[in-house]
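As structure tokens, the structure follows; a few thoughts come after it.
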Amino acid sequence: MKWFKNLTIRSKLLLVFGVLCVLLVGLSALAYQTLAAIQQNERDNVDQIALMTRTGVEIRAHQNRIRGEMLLFLVTDNPNEKSTIRREIEDRSTKVHEGIGQVKDYWTARHDVTGLVLISEVEKELAGYREGREEQFKLVEAGKADKARLLGTGSQAERFESVRAVMLKIDRSYAVELVTL
């Protein structure tokens with residue numbers, strides 16, 4: 001410390017000022033890195049929410065298409081066309097299941113109980129809708145197309161609307177999450 005005592009006041013002030021400048025530059029660099037990390041995290045969250053929103057729209061689109069194809073299946077008499085329609089329904093049903101899995105993974109990763117409750121609700125409704133659809137297929141194969149149509153316009157229509165309503169709730173929850181970011 002003797003060397004510091006031997007410095008002139010001018011040298012001491014310059015030394016202290018230099019140290020403060022170095023600390024300020026270091027603090028500025030740390031603040032910049034922290035802000036950049038926060039900004040990247042926000043971008044990642046927004047991108048993930050956008051992906052989940054798009055997935056929700058795709059799920060609803062597949063469900064709408066399944067509903068339309070099922071109605072077409074019920075009025076078509078051509079066995080080849082029925083077979084093609086049924087394969088298309090099954091393919092779209094698989095895509096719906098995959099989309100629901102992605103949404104479920106999203107809410108699980110966030111540990112969001114509300115989102116998981118909504119997913120559980122939509123899975124239950126989709127299971128009922130699939131069971132009803134299988135029942136319709138069996139009725140058509142048994143030559144009871146009229147009963148299958150009644151099922152399609154009755155309880156199946158209600159299940160379809162229920163799935164749609166829950167999926168819209170899930171979409172709204174993404175919007176709420178986006179606002180809270």
Side-chain angles (χ1 to χ4, degrees), residues 1-69 87-131 133 157-181:
M1 270 325 250
K2 194 172 188 176
W3 65 271
F4 188 74
K5 286 183 181 181
N6 292 337
L7 291 176
T8 64
I9 291 179
R10 178 176 181 243
S11 298
K12 288 178 183 176
L13 287 173
L14 286 172
L15 179 65
V16 170
F17 182 71
V19 168
L20 287 175
C21 284
V22 168
L23 288 174
L24 184 61
V25 167
L27 186 60
S28 296
L30 180 63
Y32 178 79
Q33 286 178 333
T34 303
L35 285 174
I38 289 170
Q39 198 174 35
Q40 184 61 45
N41 188 32
E42 291 295 318
R43 265 190 238 114
D44 291 346
N45 283 337
V46 169
D47 289 347
Q48 201 169 23
I49 290 170
L51 175 64
M52 289 299 102
T53 302
R54 186 172 52 246
T55 300
V57 169
E58 288 172 359
I59 290 169
R60 287 196 324 274
H62 288 307
Q63 274 299 108
N64 290 338
R65 188 68 186 259
I66 288 170
R67 175 90 171 125
E69 288 176 343
R87 274 194 311 276
E88 179 69 22
I89 289 171
E90 290 167 359
D91 289 344
R92 288 189 182 275
S93 183
T94 300
K95 290 177 183 176
V96 167
H97 182 71
E98 290 168 358
I100 293 295
Q102 290 173 353
V103 173
K104 187 175 188 176
D105 290 346
Y106 172 82
W107 290 116
T108 301
R110 294 208 181 269
H111 306 291
D112 188 305
V113 177
T114 305
L116 291 172
V117 166
L118 288 172
I119 288 299
S120 175
E121 190 178 331
V122 82
E123 286 177 325
K124 184 182 109 194
E125 294 296 334
L126 279 171
Y129 187 74
R130 276 191 293 268
E131 288 172 11
R133 189 172 59 230
E158 290 171 12
R159 289 179 185 131
F160 173 79
E161 284 303 319
S162 191
V163 168
R164 184 181 161 283
V166 176
M167 286 305 301
L168 288 172
K169 283 182 191 176
I170 290 171
D171 283 352
R172 280 191 296 276
S173 68
Y174 297 134
V176 167
E177 190 169 342
L178 190 58
V179 168
T180 61
L181 285 180

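All values below were derived from every heavy atom in this structure, side-chain atoms included, with hydrogens, water molecules and symmetry-related copies excluded.
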Open item on the list: My understanding is that only residues two or more places apart in sequence, or in another chain, count here; which of them pass side-chain contact (heavy atoms from CB on, under 4.5 Å) with Gln102?
Closed with: Met52, Thr55
- [ ] State the CG-CG distance between Leu20 and Leu15, to the nearest 0.5 angstrom.
- [x] 9.5 Å
TODO: To the nearest 0.5 angstrom, please state how far the CG atom of Leu23 sits from the CG atom of Leu30.
DONE: 12.0 Å
- [ ] Could you pull out all residues at least two apart from Tyr106 that satisfy ring pair (Phe, Tyr, Trp, His ring centres under 6.0 Å)?
- [x] Tyr174
Task: Rounded distance [0.5 Å steps], CG in Asn6 versus CH2 in Trp3 - done: 10.5 Å
Task: Those residues that, when tested against Gln40, pass side-chain contact (heavy atoms from CB on, under 4.5 Å) (two or more places apart) - done: Arg43, Asp44
Can you give each donor-acceptor pair under 3.5 Å made by side-chain atoms of residues 118-127, sequence neighbours left out, with the distance rounded to 0.1 Å?
| residue | atom | partner | partner atom | Å |
| --- | --- | --- | --- | --- |
| Glu125 | OE1 | Ser162 | OG | 3.2 |
| Glu125 | OE2 | Ser162 | OG | 3.4 |

Open item on the list: Test: side-chain hydrogen bond (donor to acceptor under 3.5 Å, both in side chains). Region: residues 7-25. Which pairs qualify, not counting sequence neighbours?
Closed with: Thr8-Ser11
Open item on the list: Do Leu51 and Gln48 have side chains that approach each other closer than 4.5 Å (heavy atoms only, starting at C-beta)?
Closed with: no
Open item on the list: List the residues meeting salt bridge (charged side-chain N to carboxylate O under 4.0 Å, His left out) with Arg159, not counting sequence neighbours, and say none if there are none.
Closed with: none
Task: Listed partners of Glu158 passing salt bridge (charged side-chain N to carboxylate O under 4.0 Å, His left out), at least two apart - done: none
Task: Qualifying salt bridge (Lys or Arg N to Asp or Glu O under 4.0 Å) pairs, either residue in residues 56-67, two or more places apart - done: Arg60-Asp171, Arg65-Glu69
TODO: Just jot down the side-chain contact (heavy atoms from CB on, under 4.5 Å) partners of Asp112, sequence neighbours excluded, or say none.
DONE: Trp107, Arg110, Thr114
Side-chain donor-acceptor contacts of residues 88-97 below 3.5 Å, not counting sequence neighbours, with atom names and distances?
| residue | atom | partner | partner atom | Å |
| --- | --- | --- | --- | --- |
| Glu88 | OE2 | Arg92 | NE | 2.8 |
| Glu88 | OE2 | Arg92 | NH2 | 3.3 |
| Glu90 | OE2 | Arg86 | NE | 3.4 |
| Arg92 | NH1 | His62 | ND1 | 2.9 |
| Ser93 | OG | Arg133 | NH2 | 3.1 |
| Thr94 | OG1 | Glu90 | O | 3.0 |

